[in-house]
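Read the structure below first, then the notes.
A note on names: the letters A, B, ... follow the listed sequences, proteins ahead of strands, and every chain is numbered from 1. What you are looking at is a predicted structure, and each value in this text was computed from that prediction instead of being measured.
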Amino acid sequence: MVNITLPDNSIKSFDDVPSGMDVALSISEGFARNCVAMEIDGNLLDLNGKIESDTCLRLITTKDEEALEILRHSAAHVMAEAVQNLYENAALTIGPVVEDGFYYDIDMDPVSEEDFPAIEAEINKIVKAKKPFERQVVSKSEALELFKDNKFKVELIDALEDQEISLYKQGGFVDLCRGPHIPHTGMIKGIKLMKTSGAYWRADQEREQLQRLYGTAFFDKKELKKHLHLIEEAQKRDHRKVGTRLGLFSFHQEAPGMPFFHAKGMEMWNVLLEYWRYEHKAAGYVETKTPVMLNRKLWEQSGHWENYRENMYTSVVDDEEYAIKPMNCPGGMLLYKTGSYSYRDLPLRAGEIGLVHRHEFSGALSGLFRVRAFHQDDAHIFMTPEQIEGEILGVLHLVERIYSRFGLGFHLELSTRPEKSIGSDAQWEEATNGLKSALDKYGKEYFINEGDGAFYGPKIDIHIKDALGRTWQCGTVQLDMALPERFDLTYKGADNEKHRPIMIHRVIYGSIERFFGILVEHFAGKFPLWLAPVQVVILPINDALNDHAKSVYDRLTDQGLRCEIDSRGESLKKKIREAQINYIPLILTIGEKEKASDTLSVRTLDGKVRMGLSMDEFMAPVLKSVKARILEGEII
RNA sequence: GCCGACGUAACUCAGUUGGUAGAGUAGCUGAUUCGUAAUCAGCAAGCCAGCGGUUCGACUCCGCUCGUCGGCUCCA
């Protein structure tokens, strides 16, 4: 008996269906149009596959989550065929599905976006032809024979353990593939080439550089449009554009990858740090500061010289070699060593807003997101082994408090021991288990990245989710049992013996520069009142009102509000327009009425205007909004 | 660092097949003094990223360097 689960959840039962039944035949024509593939015993198969035994079968329709991946995989084949039709010498390698679409790595002469229209036209021809995808199973030797002219495919086939290898054919085009695929190319309704780049075969810099063509595909043209719109929206929010327009920061050729923060950017920067200090003080942290440049010997002791030298800036001073710090921890080690500690002093939570420099590849730089000089909101926690779980939990709760203040959601990932690492197996196990038990206690679901840890310990990475649904890794909590060893850190236990403390490295904003950039895009430049670089702009209607405007300005700045007066001889309309497009949350117009009654007329960014408010009626809700760091909703 | 694209006034951009540059915004000057998203006029502003080459002549073509962007890789 075969159960076929239909999308509307009704179940159709077929009695006495023989093994080898052609599934496609047993599904009505109209229904099959929405069917993409099927799932048997957890395996995704082509819709026109044969049923091997009595089993429960689920049909995958275009509405199912798996369907899009299947479609995009098929789309990659279509793109590959198009490229092969147009470029005779193109040798195909691999073409997987990725988050927003798919790519295909092809050994060919470089292509650029100028070549896209021709390739897309060829793709559309193939789509229109509604070519069926046909699965074919051949032996390994047959496959090797078939692909003998393509060294990449030969390498792939050689690496396969199976003796039977599946191929997929659409029309005359054959590709090595596990499948499954959609029934025919005509199901691809919206397909578009997105970008192109170079990529190394097997991600190995020593090997061939291939052309990577990115595309995306949907079952529906509207879905494609929606996707393109989202990309456009993200481009509009690009922090490099918004930050330039709002005068927050800039970059200069003289210091690639090293941002300059302007007065308005610094206002925001300071608000971010002020908030950070407030939360950390409440969480029992102290703040410290260590030098930017330290002797090479220290980096040798910490292990950075060995593991990270190629990314460090160095300098020779008085015949001694120094390195600009790429991390704050070795300095933190020296700080710890200046004292002597009892178990009663632990945990010791020492924060540091540390300026670090890392020589990233020039091609890796990207606005505030990837820079060479940045500030970490670092902290080192020194503790006893019994305190691990509690301290990790404390950090996770602090992370949650801070991110939620910005309206950012997050998820957690645990990274384990990498290939290049220091410390013993036992240390790694204890550290990793410590993180796991804290995560379990915290209760939020988390992923595991095997081998993605820091060289000195396992870590929990915190990925935030912004207003457009994009994720960014910002915070990280790293357990370190190696550095305390290397620096011979100790504390006196209750037993009057020396013990080795365990250490946490953690950041929450991560790189303050990067977090700043994320906030710009998250809010699209429209910052909440508590963060806005300019909170209030005062617009006198004519020159005779400038003095009164100044007195209003003085009273507001006295209360700590960030204000500007715009007394240019421009029209009121124009000044309002400019305040609006600069996203200044509160616009005060000062006219004769306001002067005579000493009241305020307030315009908020939504365009609403309230007139005749007394100073108190204005100040109370505004100061409350700032103090409570309220995110959205009406200020007044 | 690698592949591709790009680099024109403070900003956003135009500049057709090589004949040394234009617009809007911002700025400055003058007039306007305005009640909730652009008042008008004028002025100034560029070694066309830098350096070499081809050419009678280069912003336009070629090479290299620097920088930016999209990826690769990297992000301890």
Side-chain angles (χ1 to χ4, degrees), chain A residues 98 103 105 109-115 194-214 235 238 240-241 244-245 247 250-257 302-304 306-312 326-327 329 356 358-367 369-372 374 415 418-422 452-457 459 461 473 476 478 480 482 505 510-511 514 539-546 567-582 587-594 601-605 607-611:
Chain A
V98 288
Y103 67 79
D105 281 347
D109 291 334
V111 286
S112 72
E113 291 186 19
E114 282 176 33
D115 304 309
M194 301 302 291
K195 53 201 169 197
T196 164
S197 81
Y200 302 104
W201 171 236
R202 294 300 196 189
D204 184 349
Q205 281 199 46
E206 304 300 314
R207 307 212 47 186
E208 293 85 348
Q209 175 127 25
L210 310 168
Q211 294 299 309
R212 177 167 295 181
L213 280 169
Y214 284 88
Q235 275 169 356
D238 189 318
R240 291 166 296 211
K241 283 186 193 167
T244 303
R245 189 169 72 73
S250 58
F251 285 91
H252 302 274
Q253 286 201 6
E254 290 78 358
S302 68
H304 288 94
E306 190 189 335
N307 285 284
Y308 201 64
R309 182 177 19 177
E310 64 275 21
N311 283 324
M312 287 162 71
M327 300 191 98
C329 16
V356 298
R358 302 178 180 186
H359 188 262
E360 305 290 355
F361 276 154
S362 57
L365 303 179
S366 175
F369 287 164
R370 199 71 194 280
V371 289
R372 283 177 171 162
F374 60 101
S415 297
E419 274 178 39
K420 224 163 92 169
S421 63
I422 55 180
D452 215 22
F455 73 79
Y456 47 72
K459 60 177 183 174
D461 286 330
Q473 196 236 302
T476 173
Q478 310 181 344
D480 187 344
H505 311 254
S511 146
R514 190 172 126 98
L539 310 179
I541 285 177
N542 62 49
D543 290 348
L545 294 158
N546 284 349
S567 52
R568 293 173 305 162
E570 301 288 352
S571 70
L572 181 66
K573 274 175 186 288
K574 178 157 182 174
K575 292 198 277 194
I576 285 175
R577 178 184 147 80
E578 283 183 13
Q580 288 265 161
I581 62 181
N582 284 313
I587 301 166
L588 301 183
T589 48
I590 303 289
E592 293 299 341
K593 281 183 205 157
E594 284 73 27
S601 158
V602 186
R603 179 181 167 119
T604 41
L605 277 185
K608 282 187 191 150
V609 179
R610 254 159 267 247
M611 301 183 76

With rounding to the closest Å, how many angstrom separate the C1' atoms on B:U55 and B:U12? 34 Å
Taken in chain and number order and not counting sequence neighbours, the residues that satisfy side-chain contact (heavy atoms from CB on, under 4.5 Å) with A:L545 are A:P540, A:I541, A:N542, A:I590, A:E592, A:K595
B:A14 to B:G71 separation - C1' atoms, rounded to the nearest Å: 29 Å
Which of B:U68, B:C11, B:G70 is nearest the side chain of A:T244? It is B:C11
Ring pair (Phe, Tyr, Trp, His ring centres under 6.0 Å) filter on A:F369, not counting sequence neighbours, yields A:H239, A:W472
Applying the Watson-Crick and G-U criteria (both distances under 3.5 angstrom) with [ ] for crossing and | for other-strand pairs, one obtains for RNA chain B (((((((..((((.....[..)))).(((((.......))))).....(((((..]....))))))))))))....
Side chain to side chain donor-acceptor pair (under 3.5 Å) filter on A:D238, not counting sequence neighbours, yields A:R240
I'd like to know if A:R370 reaches the base of B:C74 with its side chain such that a donor and an acceptor end up less than 3.5 angstrom apart. yes
Checklist entry - On a whole-Å scale, what distance lies between the C1' atoms belonging to B:G1 and B:A58? => result 32 Å
Across all chains, not counting sequence neighbours, the salt bridge (Lys or Arg N to Asp or Glu O under 4.0 Å) partners of A:E208 are A:K151
Taken in chain and number order and not counting sequence neighbours, the residues that satisfy side chain to side chain donor-acceptor pair (under 3.5 Å) with A:E578 are A:R568
Quiz item: Taking atom P in both B:U54 and B:G63, what distance in whole Å separates the two?
Solution: 15 Å
Sorted by chain and number, sequence neighbours left out, side-chain contact (heavy atoms from CB on, under 4.5 Å) with A:A364 holds for A:F361, A:R370
* Taking the P atom of each, how far is B:C48 from B:C59, in whole Å? -> 7 Å
Sorted by chain and residue number, the side chain to side chain donor-acceptor pair (under 3.5 Å) partners of A:T476 (sequence neighbours excluded) come out as A:D461, A:Q478
Polar-atom pairs under 3.5 Å, protein N or O versus N or O of nucleotides 49-52 of chain B: list them with distances, or write none.
none

Considering just the side-chain nitrogens and oxygens of A:Y214, establish if one lies under 4.0 Å of OP1 or OP2 belonging to B:C72.
-> yes
Protein heavy-atom contacts under 4.0 Å, written 5' to 3' over nucleotides 28-41 of chain B as B (base), S (sugar-phosphate only) or - (none), form the string ----BBBBBBBB--
Applying ring pair (Phe, Tyr, Trp, His ring centres under 6.0 Å) to A:Y214 and not counting sequence neighbours gives A:Y103
- Message: Can you check the distance between B:C11 and B:C74, where both ends of the measurement are the P atom (answer in whole Å)?
- Response: 35 Å
Sequence neighbours excluded, the answer for side chain to side chain donor-acceptor pair (under 3.5 Å) partners of A:E570 is none
Side-chain atoms of A:S362 come closest, of B:G1, B:C75, B:G70, to B:G1
